[in-house]
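Please read the structure below before turning to the comments.
All values below come from the heavy atoms of this structure, side chains included, with hydrogens, waters and symmetry mates left out.
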Amino acid sequence: MKQFILLISSLSILTLGCKKVDSNDLKDTVPYYQSYGVYFDKDAGTIEASAVFRVRDVNGTKVELSNGAGVTANGVAASTNFILPSDYFWNMIGLKDVEFVLTKNSGNVLTNRAKLSDISNISFANTFPASASKSGFSFGWVGDPLTGNETMVVTISTIDSAGTASKALDASNSATTVSFSATDMQYMKAGNNLTVEMTRYKSIPLQMADGTATGSIALRYRTTKTIPLNP
């Protein structure tokens with residue numbers, strides 16, 4: 001019986017998450033809340049971009065673009081999937097600026113850009129250790145200080161996913177040295193490689209809003225290192 005209840009509950013959540021409206025069924029005067037995301041992966045040299053549109057505000061119903069409406073990123077049409085047809089995404093090679101162009105059924109065109117320079121580069125310091133120990137681990141990072149609308153999350157994990165730990169840095173504690181204690185590392189498995197990941201997060205405003213609706217562009221910049229983990 002419990003399994004049946006959980007199944008129904010999961011299906012209900014999925015149904016609610018997929019609630020959407022066709023853009024062709026909306027009046028031309030209905031504004032779209034625009035949510036864009038750009039994920040720069042420094043080491044892979046790739047970008048994952050995304051776009052979601054909602055009716056009027058952040059809590060509005062998702063809009064599925066159809067009948068001449070659409071969105072591109074750097075001139076490329078978006079991909080979707082059958083589960084979430086109103087979520088748009090792109091995978092790009094190379095770290096570069098991203099230009100989103102939304103065309104509504106009315107013919108109105110809205111252009112918003114995420115520049116690589118909008119979020120600071122981050123790097124591991126040259127003094128990064130050649131290995132880590134379960135008794136504790138510290139390293140330095142290099143980059144512009146975090147601002148009030150930024151945060152950075154540093155995650156460590158063993159390569160076999162035996163354990164993870166993370167520390168969030170914000171503008172008030174953005175020291176250039178990050179330390180993980182023995183307690184932080186208690187679930188890491190010695191003898192495997194340790195992956196260290198730094199991801200910087202920032203939100204910037206739209207350049208072109210749709211009427212009274214607002215929106216945002218969420219940026220992420222990620223870099224990683226892998227080193228041996230000793231007892």
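Residue pairs meeting the side chain to side chain donor-acceptor pair (under 3.5 Å) criterion with at least one partner in residues 112-125, sequence neighbours excluded, are Gln34-Asn112, Lys42-Asn121, Lys42-Ser123, Glu99-Arg113, Ser120-Asp144, Asn121-Tyr221. Within the structure, side chain to side chain donor-acceptor pair (under 3.5 Å) contacts touching residues 204-215 (residues at least two apart or in different chains) are Lys104-Asp210. Here salt bridge (Lys or Arg N to Asp or Glu O under 4.0 Å) pairs that include residues 211-230, with residues two or more places apart or in two chains, are Asp41-Arg222, Glu197-Arg222. Within the structure, ring-ring contact (aromatic ring centres under 6.0 Å, His included) contacts touching residues 38-84 (residues at least two apart or in different chains) are Tyr36-Phe53.
Side-chain contact annotation: Ser133 with Asn230, donor-acceptor N/O pair under 3.5 Å absent. The closest side-chain donor-acceptor pair between Asn24 and Ser66, if any, does not fall under 3.5 angstrom.
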Exercise. Should Met185 and Leu229 be marked as a side chain to side chain contact (heavy atoms under 4.5 Å, CB included) after you check the CA-CA gap, both sets of side-chain angles, and the distance that decides it?
Worked result: CA-CA 10 Å; Met185 304 187 72; Leu229 177 62; 3.7 Å; yes
For this session: Please report the C-alpha distance between Asn193 and Thr226 in whole Å, then the side-chain angles of each, then the deciding distance to 0.1 Å, and finally whether the side-chain hydrogen bond (donor to acceptor under 3.5 Å, both in side chains) criterion is met.
Result: CA-CA 6 Å; Asn193 285 332; Thr226 300; over 6 Å; no
Problem set entry | Working for side chain to side chain contact (heavy atoms under 4.5 Å, CB included), residues Ile159 and Thr195 | CA-CA 6 Å; Ile159 205 70; Thr195 297; 3.6 Å; yes
For this session: Give the C-alpha distance, both sets of side-chain angles, the deciding distance and a yes or no for side-chain hydrogen bond (donor to acceptor under 3.5 Å, both in side chains) between Thr164 and Ser157.
Result: CA-CA 4 Å; Thr164 60; Ser157 59; over 6 Å; no
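Considering every non-hydrogen atom in both Val98 and Ala73, the closest pair reads CG1-CB, 4.1 Å. Taking all atoms of both residues into account, the shortest heavy-atom contact from Tyr32 to Leu26 is CE2-CD1, 3.8 Å. The minimum heavy-atom distance linking Trp90 with Thr72 is given by the pair CZ2-C, 3.8 Å. Of all heavy-atom pairs between Asp28 and Ser106, the closest is CG-CB, 3.6 Å. Heavy-atom minimum distance, Ala165 versus Met188: N-CE, 3.4 Å. The two atoms that bring Leu169 and Thr151 nearest to each other are O-OG1, 2.6 Å, heavy atoms only.
Side-chain contact between Met152 and Trp141 is present, with at least one heavy-atom pair separated by less than 4.5 Å. The shortest distance between side-chain heavy atoms of Phe180 and Val196 does not fall below 4.5 Å. Between Leu116 and Lys96, the closest side-chain pair of non-hydrogen atoms is not below 4.5 Å. By the 4.5 Å heavy-atom criterion applied to side chains, Val63 and Ser23 are counted as neighbours.
Remark: Asn108 CG to Leu102 CG distance equals 9.0 Å, nearest 0.5 Å. The distance from the NZ atom of Lys134 to the OG1 atom of Thr183 is 10.5 Å, given to the nearest 0.5 Å. Put simply, OG1 on Thr61 and NZ on Lys19 are 4.5 Å apart, with the number rounded to the nearest 0.5 Å. We find the CD1-OG1 distance between Ile156 and Thr224 to be 14.0 Å, quoted to the nearest 0.5 Å. With rounding to the nearest 0.5 Å, the separation of OG in Ser35 from OH in Tyr88 is 13.0 Å. Note: Leu219 CG to Ser203 OG = 7.5 Å, rounded to the nearest 0.5 Å.
For Lys167, the salt bridge (charged side-chain N to carboxylate O under 4.0 Å, His left out) partners at least two apart in sequence or on another chain are Asp184.
With a 6.0 Å radius and a threshold of 12 heavy atoms from other residues, nucleotides or ligands, Asp43 has its CG atom above the threshold.
Val38 and Val153 sit in two unconnected hydrophobic clusters of ILVMFWY residues. Membership requires side-chain heavy atoms under 4.5 Å apart, directly or through other members. Val21 and Tyr33 end up in different hydrophobic clusters when Ile, Leu, Val, Met, Phe, Trp and Tyr side chains are linked at under 4.5 Å. Residues Phe128 and Ile122 are members of one and the same hydrophobic cluster, defined by side-chain heavy-atom contacts under 4.5 angstrom among Ile, Leu, Val, Met, Phe, Trp and Tyr. Tyr201 and Leu206 end up in different hydrophobic clusters when Ile, Leu, Val, Met, Phe, Trp and Tyr side chains are linked at under 4.5 Å. In the hydrophobic clustering of ILVMFWY residues, with side-chain heavy atoms under 4.5 Å counting as a link, Phe124 and Val178 come out together.
Remark: side-chain polar atoms of Asn105 are paired, donor with acceptor, to backbone N or O of Asn67 under 3.5 angstrom.
Each of Val71, Val109, Asn74 was evaluated against Val101; a single residue qualifies, Val109, per the side chain to side chain contact (heavy atoms under 4.5 Å, CB included) test.
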Donor-acceptor contacts, no H, no angles, side chain residues 44-51, under 3.5 Å, sequence neighbours left out:
none

